[in-house]
Each structure stands twice: as C-alpha cells, then as structure tokens.
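Structure record follows, encoded as structure tokens.
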Amino acid sequence: MNSTQELYQSLEKLNLLEDLRDSYWWPNSGTFEVVVGAILTQQTKWQKVEKSLKNLKESGVLDLEKLAEFDLKELQTLIKPSGFYNTKAKYLKGICESIMNDFGSFEKFKDEISREWLLAQKGVGEETADSILCYGCYRPEMVVDSYTNRILNAFGYEFESYGDIKEWLISGFEDRDAKFFALYHGMIVEFAKKYVKGKRVDVSVLEV
DNA sequence: GGCCAGGTGTAAA
DNA sequence: TTTACACATGGC
C-alpha cells in the first residue's frame, strides 16, 4: 500500500457500512451522547458501552445538565458494564461540569469547542478529543485508534505518535468534510471488528 | 482460564 | 522525556 487514498478506496469496496444506524456511523452523532460514549468506550467494546448508555437513559440522566449534578456513586454503578467505572465516572462528571461552567449548553459547546479545551480535560486524550470533535461536533477531524495503528503496521508502516498517524491518514484529504472523516474512521473500525483479532491482523481482503 | 477491548493519567526511572 | 503500570468488566 502506497497511500491513504488506496486504503480508503479499498475499504469502501468492502461495503463495511451497509447497515448504518447513523449517517455519520457513530450512534446519535451530533448529540451530547457522543461525549458520554467517547469516554465510556475507552479500552472497551462498544457493546458494553451500549449497556451503560441504556442504564443512564433508563435513569433519565443521559443529559448534560443532569450528569453535571448527578451523584458520583450512582454514576459509577450505572456505567459499571463498560469497565474502569470509578475513573470513567469521575472523568465524565468532570467534563460535564466543565462544559456547563465554560459553555452553559451542549449547543454552545458544539459551536465554540476547541481541541485544546478538550485535551485539557481529565480523561480526554487525543482519540477521545477527536471523537468528540468529529462525531459530536461535526468537525473535520480524523480519529486514530489502536486498530488503525495495527492495520497500518500490518502493511509495514511504523509511526512515532498519534499525530504522525493522523497526518499520514489525512494527507491528500485535507479539504474533506466531517462526514468524510467520520465514515473513514468508521470503516476502519468495522474492518477491524471483522479482520483484527488481538495481535493478528488479516489485511488480505484489502486490495492494496 | 488467560487474553483482550474504539485509552488515559501518573509515578518512577 | 520515555516507560511501566493501574484502572475493571465481561465475552470469547
């Protein structure tokens, strides 16, 4: 494989996003739920995140203002299925409080948010920040995850950092919109779910 | 039963 | 400035 364009086109041919529940791939994209999901999905399968989201929804607290004021212990219990529930509860409540303090509403947050602000929050690293920016706020940011790195490694690429992978991935795609990057990353994850098992990466179906 | 999941923060070298 | 480790559940 010689370019990210080849990778993108090859992924497209696999029709990985056939049964898309959301036009941007991430469930309920463009809403506050992306912020919650982005924290909960760290080092965890989405399937488990769905259980936690269901718990939150049934308790009526899947909401920015309510979570900002919700009891930490109760929050820990509700998100237990997604693992690391003590730390994630703290991170989640913290970021909700910060959004309320600095922006006042999710809509305002969505309009005014910067990557720097997100990275300054506890529990928000580069991947989580880009996930919130791309899927929650529809900004043209490419998300890089461990699968992306593993797949590129399988093609013989080695990178120093998150930023290096991101730069390589978006080269030639700089003028694309949020939806493009949203679906590109979505295809990589769906590909990984099918063809990556632990350290084993099967890229033979990719025609690049 | 051991391995692993759509990472991140922190302490120690 | 790097490296190692903790955080934790649940599915395979």
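Every value quoted in this text rests on a predicted model; they were computed, and no experiment measured them. Below, chains carry the letters A, B, ... as their sequence lines are ordered, and counting in each starts from 1.
Here A:Glu160 lies out of heavy-atom contact (under 4.0 Å) with every strand. Contacts of A:Val124 with the nucleic acid, taken as non-hydrogen atoms under 4.0 Å apart, involve only primed sugar atoms and P, OP1 or OP2.
A sub-4.0 Å separation between OP1 or OP2 of B:dC3 and a side-chain N or O of A:Arg200 is absent. In terms of phosphate contacts, A:Thr44 brings no side-chain nitrogen or oxygen within less than 4.0 Å of OP1 or OP2 of C:dG10. One finds no side-chain N or O of A:Lys48 lying less than 4.0 angstrom from the OP1 or OP2 phosphate oxygen of C:dA8. For the OP1/OP2 pair of B:dA5 and a distance below 4.0 Å, the side-chain nitrogens and oxygens of A:Ser146 include no atom meeting the criterion. One finds a side-chain N or O of A:Lys51 lying less than 4.0 angstrom from the OP1 or OP2 phosphate oxygen of C:dG11.
Between A:Ser98 and A:Gln121, the side chains place a donor N or O and an acceptor N or O closer than 3.5 Å (distance only, hydrogens not considered). Between the side chains of A:Glu190 and A:Trp25, a donor-acceptor pair is found at a separation under 3.5 Å. In summary, the side chains of A:Ser82 and A:Thr44 do not present any donor paired with an acceptor at a separation below 3.5 Å, with no hydrogens or angles considered. Defined by atom type and a distance below 3.5 Å, a donor-acceptor pair is present between the side-chain atoms of A:Tyr184 and A:Thr4.
Counting to the nearest Å, the C1' atom of C:dG11 and the CD atom of A:Glu50 are 14 Å from each other. Rounded to a whole Å, the CG atom of A:Asn55 is 14 Å from the P atom of C:dT9. Remark: P of C:dG10 and NZ of A:Lys54 are 14 Å apart, rounded to the nearest angstrom. In this structure, A:Leu40 places its CG atom 13 Å from C1' of C:dA8, rounding to the nearest Å. Following rounding to the nearest Å, A:Trp46 (CH2) and B:dA5 (C1') show an atom-to-atom distance of 14 Å. Spacing between atom CD1 of A:Ile39 and atom C1' of C:dA8 amounts to 16 Å, rounded to whole angstrom units. What separates NZ of A:Lys193 from P of C:dC12 is a distance of 14 Å, to the nearest Å. Distance CG (A:Asp130) to C1' (B:dG7): 13 Å, rounded to an integer number of Å.
Comparing the same atom, P, in C:dA8 and in B:dT10 gives a spacing of 14 Å after rounding to whole Å. Comparing C:dA6 with B:dC3, their P atoms are spaced 15 Å from each other, to the whole Å.
Heavy-atom distances to DNA chain B give each of A:Gln121 and A:Thr41 a nearest nucleotide, and the one nearer the 5′ end belongs to A:Thr41. Checking A:Lys197 against A:Thr128, the closest nucleotide of DNA chain B that is more toward the 5' end is the one next to A:Lys197. Residue order along DNA chain C, read from the 5' end via each residue's closest nucleotide, puts A:Gln43 first among A:Gln47 and A:Gln43.
Counting heavy atoms from C-beta outward, A:Val203 and A:Tyr195 have side chains that stay 4.5 Å or more apart.
Hydrophobic clustering, defined by side-chain heavy atoms of Ile, Leu, Val, Met, Phe, Trp and Tyr closer than 4.5 Å, groups A:Tyr24 together with A:Tyr138.
The cationic group of A:Lys122 does not satisfy the cation-pi geometry with A:Tyr91, failing either the under 6.0 Å distance to the six-membered ring centre or the 45° limit from the ring axis.
Proximity of residues 68-98 of chain A to DNA chain B (heavy atom under 4.0 angstrom from any strand atom) is restricted to A:Tyr91.
With A:Tyr162 as the partner, the side-chain hydrogen bond (donor to acceptor under 3.5 Å, both in side chains) test is satisfied by one option alone out of A:Asp130, A:Asn149, A:Thr148, A:Asp145: A:Asp130.
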